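Note that the numbering runs from 1 along the sequence shown for the chain. Please read these numbers as outputs of a predicted model, since none were measured by experiment.
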Amino acid sequence: MLAASSLAWPMLAMVALVFSVAVRLFLTRIPEMQRRGIHPQAVASAKQMAEAMEDTRAADHFRNLFETPVLFYAGCLAAMQTGVDSVGVLLMAWAFVAARLLMAFEACGRNKVMRRFQAFIAGCTALLFLWVQLALHWAGVL
């Protein structure tokens, strides 16, 4: 049996990933804006930013970290709140984090679409299995 709080570690790893991508975003965006003389008001909207900036990889991925991962956080918190202490849920949580790390490296690096897609599918699969296990636990099957 695991402590439900063991799910806090993969959640903290995802939070660390979000802040790492945010740092990468600022380390690329600010120098580019300074180098190209882009006034901050000229990029007030996402559309203006996408049109004005040459490198939007970190910004694109930062936004992506607030899409599917919401289901990850909700699943982990729900498992912790309801006392689900499954090794399978914990493994799927870590598998999701690993897939998101791979996706972040690819998205902020070479940005090869098929590699990003493979990591995305792996993460979604882990997330699906996490939620299936939660549902089975709550239904009393596991």
Asker: Is there a donor-acceptor contact under 3.5 Å from the side chain of Trp131 to the main chain of Ala126?
Answerer: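 Not a single qualifying donor-acceptor pair exists.
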Asker: Does a sphere of radius 6.0 Å around CH2 in Trp138 hold more than 12 heavy atoms from other residues, nucleotides or ligands, not counting ones at 6.0 Å or beyond?
Answerer: yes
Asker: Each residue besides Ile38 in its hydrophobic cluster should be listed here, by chain and number; the cluster joins Ile, Leu, Val, Met, Phe, Trp and Tyr at side-chain heavy-atom distances under 4.5 Å.
Answerer: Met33, Val43, Met49, Met53
Asker: Side chain to side chain contact (heavy atoms under 4.5 Å, CB included), that's the test. Do Phe129 and Leu91 meet it? Break it down for me.
Answerer: CA-CA 10 Å; Phe129 286 143; Leu91 288 174; over 6 Å; no
Asker: When you compare the side chain of Met14 with that of Leu65, does any pair of heavy atoms fall below 4.5 Å?
Answerer: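 Yes, close enough: below the 4.5 Å cut-off.
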Asker: Would a distance-only check, ignoring hydrogens and angles, find a side-chain to backbone donor-acceptor pair under 3.5 Å from Asn64 to Phe66?
Answerer: no
Asker: Please report the C-alpha distance between His61 and Arg100 in whole Å, then the side-chain angles of each, then the deciding distance to 0.1 Å, and finally whether the side chain to side chain contact (heavy atoms under 4.5 Å, CB included) criterion is met.
Answerer: CA-CA 10 Å; His61 191 65; Arg100 294 307 302 215; 3.8 Å; yes
Asker: What distance separates Phe120 CZ from Thr125 OG1, expressed to the nearest 0.5 Å?
Answerer: 9.5 Å
Asker: Identify the two heavy atoms, one from Val97 and one from Pro10, that lie closest to each other, and give their separation to 0.1 Å.
Answerer: CG2-O, 3.4 Å
Asker: What distance separates Ser6 OG from Met11 CE, expressed to the nearest 0.5 Å?
Answerer: 10.0 Å
Asker: Measure across Leu134 and Gly75 and return the closest heavy-atom pair with its distance rounded to 0.1 Å.
Answerer: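 So the minimum-distance heavy-atom pair works out to CD1-O, 3.5 Å.
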Asker: Does the side chain of Ile30 come within less than 4.5 Å of Gln34's, by heavy atoms?
Answerer: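 A side-chain contact under 4.5 Å exists here.
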Asker: State, to 0.1 Å, how close Ala93 and Leu7 come at their nearest heavy-atom pair, and which atoms those are.
Answerer: CB-CD2, 3.9 Å
Asker: Please enumerate all residues that pass side chain to side chain contact (heavy atoms under 4.5 Å, CB included) together with Ala119, with sequence neighbours excluded.
Answerer: Leu102, Met103
Asker: Between Val15 and Tyr73, does a side chain to side chain contact (heavy atoms under 4.5 Å, CB included) hold up when you go through it step by step?
Answerer: CA-CA 10 Å; Val15 169; Tyr73 295 119; 4.2 Å; yes
Asker: For Gln41, does the CD atom sit with more than 12 other heavy atoms under 6.0 Å from it, leaving out its own atoms?
Answerer: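 Incorrect, the count does not exceed 12.
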Asker: Can you tell me how far the CG atom of Leu17 sits from the CG atom of Leu12, to the nearest 0.5 Å?
Answerer: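 Between Leu17 CG and Leu12 CG, I get 12.5 Å after rounding to 0.5 Å.
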Asker: In Å and rounded to the nearest 0.5 Å, what is the SG to CG distance from Cys124 to Leu130?
Answerer: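 Here the interatomic distance stands at 12.5 Å.
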Asker: Would the number of heavy atoms belonging to other residues, nucleotides or ligands and lying under 6.0 Å from CZ of Phe117 be above 12?
Answerer: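 At most 12 heavy atoms, drawn from other residues, nucleotides or ligands, come within 6.0 Å of this atom.
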Asker: Within this structure, what is the CG-CZ distance for the pair Leu127 and Phe72, rounded to the nearest 0.5 Å?
Answerer: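 Reported value, rounded in 0.5 Å steps: 8.5 Å.
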Asker: Quick check: is Phe19 connected to Val21 through a chain of hydrophobic side chains (ILVMFWY, heavy atoms under 4.5 Å apart)?
Answerer: yes
Asker: Considering all heavy atoms of both residues, which atom of Pro31 and which atom of Leu27 are nearest to each other, and what is their separation?
Answerer: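 In this case the closest contact between Pro31 and Leu27 is CG-O, 3.1 Å.
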Asker: Given 3.5 Å as the limit, does a donor-acceptor pair link the side chain of Gln48 with the main chain of Ala44, or not?
Answerer: yes
Asker: If you group Ile, Leu, Val, Met, Phe, Trp and Tyr by side-chain heavy-atom gaps below 4.5 Å, do Leu136 and Leu128 land in one group?
Answerer: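 Same cluster: Leu136 reaches Leu128 through Ile, Leu, Val, Met, Phe, Trp or Tyr contacts under 4.5 Å.
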Asker: In terms of hydrophobic clustering (I, L, V, M, F, W, Y; side-chain heavy atoms under 4.5 Å; direct or indirect links), are Phe96 and Leu77 co-clustered?
Answerer: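 As far as the 4.5 Å side-chain criterion goes, Leu77 and Phe96 are connected within one cluster.
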Asker: Rounded to the nearest 0.5 Å, what's the gap from CG on Leu101 to OG on Ser20? Could you check?
Answerer: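 If we round to the nearest 0.5 Å, Leu101:CG and Ser20:OG are 8.5 Å apart.
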Asker: Please table the atom pairs, donor to acceptor, closer than 3.5 Å between any side-chain atom in residues 107-115 and protein atoms at least two apart or in another chain.
Answerer:
from	atom 1	to	atom 2	distance (Å)
Arg110	NH2	Glu106	OE1	3.1
Asn111	OD1	Arg116	NH1	2.6

Asker: Is there a donor-acceptor pair closer than 3.5 Å between any side-chain N or O of Ser86 and the backbone N or O of Val89?
Answerer: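 Checking the backbone N and O of Val89 against the side chain of Ser86, a donor-acceptor pair under 3.5 Å is found.
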